[in-house]
Amino acid sequence: MPKQRKIPLRKCIACQESTEKKGLFRIVRSPEGEIFLDLTGKKNGRGAYLSKKAECIQKAKNKNLLSRHLGVTVPDHVFDEMIAYLETHPSNDQ
């Protein structure tokens, strides 16, 4: 009988819910100080996770949650990228 693989869980910094990695956005601060959205989940740097929900993205933006977790100011285009992703990839009600 094949061994069942462990599903990696991460916690959203806005709603504090633990979810599978594929249900979250990963925002990365690279060693050079750049901030970007990491859809692969494998880029090098300090990462923070946000649920793929518009409410979580808005809460993180309003309360500066990403800036606090990553230690630098997060540009608005990162939030715009996440909103655009949600509009082009409708949720499957995970």
Side-chain angles (χ1 to χ4, degrees):
M1 206 170 10
K3 200 174 184 181
Q4 190 139 13
R5 291 189 73 129
K6 183 178 175 185
I7 299 172
L9 298 177
R10 299 292 182 266
K11 188 183 278 193
C12 171
I13 63 170
C15 65
Q16 301 297 313
E17 289 182 20
S18 289
T19 312
E20 292 180 28
K21 279 177 70 171
K22 65 183 178 180
L24 299 164
F25 287 117
R26 181 171 187 249
I27 301 85
V28 176
R29 182 192 73 213
S30 70
E32 294 79 36
E34 297 175 64
I35 303 293
F36 54 91
L37 187 60
D38 177 16
L39 295 175
T40 65
K42 297 179 181 179
K43 304 254 175 158
N44 190 23
R46 170 82 171 133
Y49 292 89
L50 270 176
S51 293
K52 291 184 178 177
K53 300 177 194 170
E55 312 89 62
C56 289
I57 296 167
Q58 198 60 46
K59 182 177 179 180
K61 185 176 183 178
N62 292 343
K63 294 190 173 192
N64 260 352
L65 295 175
L66 278 176
S67 296
R68 280 192 261 152
H69 276 266
L70 298 176
V72 292
T73 303
V74 177
D76 285 341
H77 74 83
V78 173
F79 295 103
D80 296 340
E81 284 180 47
M82 288 187 275
I83 296 294
Y85 180 90
L86 289 179
E87 290 170 355
T88 58
H89 296 83
S91 173
N92 295 353
D93 288 328
Q94 297 175 358

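Computed from a prediction, not measured in an experiment: that's the story for all the values here.
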**OP:** For Lys59 and Ala14, indicate whether the former's side chain and the latter's backbone hold a donor-acceptor pair under 3.5 Å.
**Re:**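 Side chain of Lys59 to backbone of Ala14, a donor-acceptor pair under 3.5 Å: yes, one is there.
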Original post:
Could Lys11 and Tyr49 be counted as a cation-pi pair, given that NZ or CZ must be under 6.0 Å from the ring centre and within 45° of the axis?
Top reply: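 The answer is no, since Lys11 fails at least one limit relative to Tyr49.
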Original post:
For the hydrophobic clusters of this structure (ILVMFWY residues joined by side-chain heavy atoms under 4.5 Å, transitively), does one cluster hold both Leu37 and Val28?
Top reply: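 In one cluster: no.
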Original post:
Are Ile27 and Leu39 grouped together when hydrophobic residues (ILVMFWY) are joined by side-chain heavy atoms under 4.5 angstrom apart?
Top reply: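 Yes; tracing contacts between hydrophobic side chains, which count when under 4.5 Å, links both residues.
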Subject >> Over 12 non-hydrogen atoms of neighbours within 6.0 angstrom of CG in Asn44 >> reply: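 Check fails, neighbour count at 12 or below.
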Original post:
Under 4.5 Å between any side-chain heavy atoms of Cys12 and Thr19, yes or no?
Top reply: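 In short, these two side chains do not touch, never coming nearer than 4.5 Å.
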Subject >> Lys/Arg-Asp/Glu bridge criterion (N-O < 4.0 Å) met for Lys22, Glu20 >> reply: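 Judged by the 4.0 Å cut-off on N to carboxylate O distance, Lys22 and Glu20 do form a salt bridge.
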Subject >> Salt bridge flag under 4.0 Å for residues Glu17 and Lys53 >> reply: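 Yes, Glu17 and Lys53 are salt-bridged.
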Nearest 0.5 angstrom please: [X] [atom1] to [Y] [atom2], how far?
{"X": "Ile35", "Y": "Ser30", "atom1": "CD1", "atom2": "OG", "answer": "7.0 Å"}
{"X": "Leu86", "Y": "Cys56", "atom1": "CG", "atom2": "SG", "answer": "10.0 Å"}
{"X": "Lys21", "Y": "Arg10", "atom1": "NZ", "atom2": "CZ", "answer": "5.0 Å"}

Subject >> Selection residues 2-23 - residue pairs positive for ring-ring contact (aromatic ring centres under 6.0 Å, His included), sequence neighbours left out >> reply: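 Listed once each, the pairs would be none.
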Could you go through residues 76-85 and list every donor-acceptor pair under 3.5 Å that involves a side-chain atom there, pairing it with any protein atom two or more places apart or in another chain?
| from | atom 1 | to | atom 2 | distance (Å) |
| --- | --- | --- | --- | --- |
| His77 | ND1 | Glu81 | OE2 | 3.2 |

Per-pair distances, 0.1 Å, donor-acceptor, side chain in residues 64-71, under 3.5 Å, sequence neighbours excluded:
| from | atom 1 | to | atom 2 | distance (Å) |
| --- | --- | --- | --- | --- |
| Ser67 | OG | Val74 | N | 3.3 |
| Arg68 | NH2 | Lys63 | O | 2.6 |

